[in-house]
Structures are given as structure tokens and as C-alpha cells.
**Q** 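Pasting a structure here, questions to come.
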Number of protein chains: 2
Amino acid sequence: MQKSEPPLENPEVPAARSRGRPRAFNRDMALAQATRLFWTKGYEATSIADLTQAMGIGSPSLYAAFGSKEALYAEALRYYGGQYEHLVWGGFLVAPTARAAVHALLMDSAKVLPGCTADMPRGCMVTLSAVGCEGHAELGELVQGARAVTLHRLLARIERAVSEGEISASIDTHGLARFVQTIQSGMSILARDGASRAELEDVAATAMLGWDARTRTMADR
Amino acid sequence: MQKSEPPLENPEVPAARSRGRPRAFNRDMALAQATRLFWTKGYEATSIADLTQAMGIGSPSLYAAFGSKEALYAEALRYYGGQYEHLVWGGFLVAPTARAAVHALLMDSAKVLPGCTADMPRGCMVTLSAVGCEGHAELGELVQGARAVTLHRLLARIERAVSEGEISASIDTHGLARFVQTIQSGMSILARDGASRAELEDVAATAMLGWDARTRTMADR
DNA sequence: CTATTTATGTATCAATCGATACATAAAGGA
DNA sequence: TCCTTTATGTATCGATTGATACATAAATAG
């Protein structure tokens with residue numbers, strides 16, 4: 001179904017240049033362009049013609065390099081994760097407490113989602129793919145799975161906080177994770193509609209008030 | 001560009017039956033089907049063939065009755081508002097305080113967004129149209145405007161609460177409205193991914209803790 | 001140099017897209 | 001009953017969709 005990352009030889013070795021005619025385009029550059037298009041317009045609304053034009057190649061080259069439109073979208077989704085995920089999850093992963101982690105996640109989201117770079121689309125590509133993948137079951141499951149990762153990370157971090165005594169064991173960890181996920185998902189929608197970084201930071205701050213009240217319920221932490 | 005609701009004669013009079021061959025399908029039924037399709041799959045992913053099949057009519061009848069795919073979507077959006085809006089905004093509009101209004105909005109959203117009826121799509125049609133309307137400028141502005149209505153209503157209600165003394169005048173009303181909007185938008189994403197009513201109600205409850213903490217800041221209400 | 005391998009550009013595939021032309025069917029007005 | 005009006009069904013429009021066939025160009029291996 002998918003190549004699942006071929007043997008993956010030692011990347012330090014330039015891999016002994018292949019034989020035939022060399023590719024006239026940079027695969028990563030092309031993938032970056034495709035990612036931008038899918039991110040901005042969604043899967044259905046992005047045509048092969050759009051893609052080939054943005055990449056500056058012909059359709060045979062696209063199919064030779066990526067296989068199909070669906071496969072290209074899947075690869076774009078991976079590329080998106082590799083390129084942009086750390087902007088939002090970097091602080092979360094290294095924070096010493098669950099509260100600091102969630103605070104970092106929401107504040108970083110507020111910074112990134114409105115499009116921190118000039119040519120960076122607004123909102124999260126994964127979140128905004130919630131609709132429009134109907135009729136493409138595989139892609140639907142793919143993006144739904146990508147969104148599930150958010151909940152899983154939040155839940156794992158909160159449960160760790162419970163085990164470490166940061167948060168009372170009487171807390172509904174799942175509910176708390178769902179709350180944070182809701183905030184972050186909603187921020188993508190607002191960002192796509194033009195909300196500013198300051199506005200989203202304000203939302204994040206209010207959300208943290210909810211977090212504090214919630215984690216105080218029935219325990220003083 | 002658009003018919004903008006023709007003269008609209010007195011609806012109480014059956015309007016003296018028209019002359020020619022009567023329509024073989026119920027226009028409202030057909031519009032309901034179209035709304036369901038657009039709601040579920042989005043604008044781009046829904047084809048004319050999908051629509052005519054679901055409505056049980058031929059394409060000429062569709063174009064005679066609705067004009068174009070874009071016009072049909074616009075009408076579906078209006079139909080959606082008329083049919084489902086009160087489920088979410090009914091309690092909000094009659095609540096005596098801003099807090100009660102927001103609480104009602106979020107709790108009703110938690111009830112409706114997971115699909116309260118069996119054949120009711122999950123999530124809000126307007127919210128989930130955030131992406132996929134690129135290249136269709138008119139529709140993009142239409143749904144973006146529809147989403148702006150949410151913020152406007154929230155802001156108006158909160159400002160009224162300030163003027164009535166329910167909420168301190170030192171509160172950032174816009175920020176508070178943005179917070180509630182974020183929660184409700186995020187709930188649509190979670191609902192589309194399968195979140196249950198109980199989960200969303202829990203999210204709403206936590207959001208209200210944020211509301212309470214936020215409205216208490218610098219004033220005791 | 002020749003042979004092999006790989007990528008490109010052109011040109012096009014069948015299928016589907018949104019949208020109509022046209023003749024026919026079914027109603028009311030005369 | 002005939003005429004006008006409106007809606008339907010069939011059949012199809014040009015454009016675009018995702019995806020390829022094919023000949024050619026450009027590289028390496030021998």
C-alpha cells in the first residue's frame with residue numbers, strides 16, 4: 001500500500017549516486033510546496049495541476065516521485081509534522097510540570113497558529129483537515145489518527161503529573177486532556193479566521209484559569 | 001449576483017398555485033438533503049451527482065430550483081441556520097445573565113454537536129467550513145461572516161452584562177467573547193472526531209470555571 | 001563509445017466536474 | 001380543446017479531474 005520508508009541506509013553516506021538521469025527538482029522543496037498547498041486549501045480543493053505548477057514540474061515527475069495524490073498528501077502530513085510540530089510541542093515536551101507543559105503548548109500555539117512566518121498558512125493543517133476527507137477513508141483515518149495523538153500526549157502528560165503528585169488522583173485526567181484539546185483545536189479555527197497572536201494568548205490565559213480551577217477541585221495540589 | 005430573497009409575498013396566502021407543470025419533488029426536502037450532504041462532506045467534496053442522487057432529481061431540476069451549486073450551498077447554509085441554530089442559541093438568547101447565557105450555549109452545544117438526532121451530522125456546519133472554500137471567494141466570505149456572527153452575539157451579550165453591572169467594566173469583553181468562541185469551535189472538531197455529549201459537557205463545565213475566574217479578576221461581580 | 005538506467009516533456013487517457021439544450025410531460029387559463 | 005407555462009428526463013456540453021504512454025534527454029557503468 002505504501003512504501004513505508006525503504007531500507008533507509010545510513011543517511012551519512014550520500015548513498016552512492018544513482019545511475020540514470022538526475023532529478024531536475026529538489027524533492028524536499030517540492031514536498032514543502034505541496035504541503036503548503038494542502039495546508040491552505042485542503043485535500044479536495046488542491047488539484048494535481050495546482051501541485052505541479054507550484055512545484056514547477058510535470059505530472060509524470062510528480063507520480064514518479066510520490067506515487068499518487070493520496071500518497072503525496074500522506075507524505076505532506078508527515079513533512080508538516082517534522083517541520084512544524086516542534087514549534088508547538090517543543091516547550092510542552094520539556095516542561096517540568098503538566099501545568100507548565102499545557103501553558104507552553106497553548107502559548108506556543110497562540111504564537112504559531114496565526115502564521116508566525118510570512119509565508120506560513122494560518123491554523124493547524126491536521127486540525128483543519130477535520131472535514132473534506134470523506135470518501136477517502138484512508139486519509140480520513142490518517143488525519144483523525146494525527147489528531148488523536150494530541151489527546152494521547154496530553155493524557156499521558158497529565159497522568160504522569162498525577163503519578164508524580166502534581167495533580168490530585170481524584171482528577172478526571174481524560175476530561176482535563178479533552179479541555180486542553182478543545183482549546184487548541186478552537187484556536188486553529190480562530191486563527192484561520194484572522195485572530196491575532198495577542199487574542200489567542202488571551203484565550204490561552206483564560207484557559208489556564210480553567211485549568212487551575214479544575215486541578216484545584218477536590219485537592220490543593 | 002444572488003437573488004436576495006425575491007419580493008416575498010405574504011406567506012399566509014398559498015400564492016395562487018402557479019401555472020405550469022408542478023414540481024415532482026419537495027423543495028424543502030431536497031434542500032434538507034443538500035444541507036446534510038454539504039454539512040457532512042463540505043462544499044468541494046460534494047458533487048452535483050451526489051446532490052441530485054440524494055435529492056432524487058435530475059440536474060436540470062436542481063439548477064431550475066436553486067440556480068447553481070454555490071447558490072444551493074448558500075441556501076443550505078441559510079436552511080441550516082433556520083433549522084438548527086435555535087438548538088444551540090435558544091437558551092443563550094433568553095438567559096437572564098451573560099453567565100447563564102454562555103453556560104446554556106456551551107451545554108446546548110455539548111448536547112447537539114455530537115449529533116443529537118440519529119441522522120444528524122456531527123459538528124457545526126459553519127464552523128467546519130473553515131477550510132475548503134478557497135478559490136470560492138464569495139462562499140468563503142459567506143461562511144466567515146456566519147462565524148463572525150457567533151463572536152458578535154457573544155460580545156453583545158457580554159457588553160450588555162457589563163452595562164447591567166453583572167460583569168465588571170474593567171473586563172476585556174472582547175477577550176472573554178473570544179474565549180467562549182474558542183471553546184465552542186473546538187467542540188465542533190472534537191464532536192466530528194467522535195467525542196461524546198458527556199465529554200463535551202465536561203469541557204463546557206471546565207470552560208465555565210475559566211469564565212468564573214476571568215470575570216472575578218479585579219472585580220467580584 | 002555503447003548500453004543501461006532514470007527522469008523529463010508532450011500529449012493524452014477515461015472519468016468526472018458543473019452546467020445546459022432540447023424535446024416531452026403535465027398542469028392551469030382561455 | 002387548444003395554448004401557454006413550467007418541470008422533467010435524456011443526452012450531452014466543454015473543462016477539468018487524477019493518472020499514463022511514449023519518445024527523448026541526461027546521467028552512470030562497462
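Note on naming: letters A, B, ... go to the chains in the order of the sequence lines (proteins, then strands), and numbering restarts at 1 for each one.
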**Q** Among the candidates dT10(C), dG18(C), dG18(D), find the nucleotide nearest to the side-chain atoms of I48(B).
**A** dG18(C)
**Q** Got a sec, which residues hit ring-ring contact (aromatic ring centres under 6.0 Å, His included) with Y79(A), two or more places apart in sequence or on another chain?
**A** none
**Q** Between dT8(C), dC17(C), dT10(C), which nucleotide gets closest to the side-chain atoms of P60(A)?
**A** dT10(C)
**Q** Quick check for you: among dT8(D), dA19(D), dA19(C), whose closest atom lies nearest to any side-chain atom of S59(B)?
**A** dA19(C)
**Q** Rounded to whole angstrom units, what separation is found between the CG atom of L62(A) and the C1' atom of dT6(C)?
**A** 17 Å
**Q** Please determine if a side-chain N or O atom of S61(B) lies less than 4.0 Å away from the OP1 or OP2 oxygen of dT8(D).
**A** yes
**Q** Measure CZ/R27(B) against P/dT8(D) and give the value in whole Å, please.
**A** 12 Å
**Q** Let me know the distance between CD1 of I57(B) and P of dT10(D), rounded to the nearest Å.
**A** 14 Å
**Q** Whole Å only: how far is the CG atom of L139(A) from the P atom of dG18(D)?
**A** 13 Å
**Q** Under 3.5 Å, side chain of R192(A) to main-chain N/O of R122(A), donor-acceptor pair present?
**A** yes
**Q** Rounded to the Å, how far apart are F66(A) CZ and dA7(C) P?
**A** 12 Å
**Q** Return the nearest nucleotide to the side chain of R23(B); candidates are dA19(D), dA7(C), dT8(D).
**A** dT8(D)
**Q** Would you mind reading off the distance between E44(B) atom CD and dT17(D) atom P, rounded to a whole angstrom?
**A** 10 Å
**Q** For dC17(C), does OP1 or OP2 lie under 4.0 Å from any side-chain N or O of S47(B)?
**A** yes
**Q** Select from G58(B) and G20(A) the residue whose nearest nucleotide in DNA chain D is closer to the 5' end of that strand.
**A** G58(B)
**Q** Nearest heavy atom decides the nucleotide; on that basis, is D50(B) or P22(B) closer to the 5' end of DNA chain C?
**A** D50(B)
**Q** Establish whether the base of dT28(D) is bridged to the side chain of R19(A) by a donor-acceptor pair shorter than 3.5 Å.
**A** yes
**Q** So which heavy atom on D50(A) is nearest to which on L37(A), and how close?
**A** O-CD1, 3.5 Å
**Q** For the pair made of CZ in F25(A) and C1' in dA27(D), what is the distance, rounded to whole Å?
**A** 16 Å
**Q** Would one find more than 12 heavy atoms of other residues, nucleotides or ligands at under 6.0 Å from atom NE2 of H86(B)?
**A** yes
**Q** The side chain of Y63(B) lies closest to which of these nucleotides: dT20(D), dT20(C), dA25(C)?
**A** dT20(C)
**Q** Of the nucleotides dG18(C), dA7(C), dA19(D), which has the atom closest to the R21(A) side chain?
**A** dA7(C)
**Q** What contact category does T52(B) fall into here, base, sugar-phosphate, or nothing, at under 4.0 angstrom with non-hydrogen atoms?
**A** nothing
**Q** Under a 4.0 Å threshold between the charged nitrogen and the carboxylate oxygen, would E75(A) count as salt-bridged to R27(A)?
**A** yes
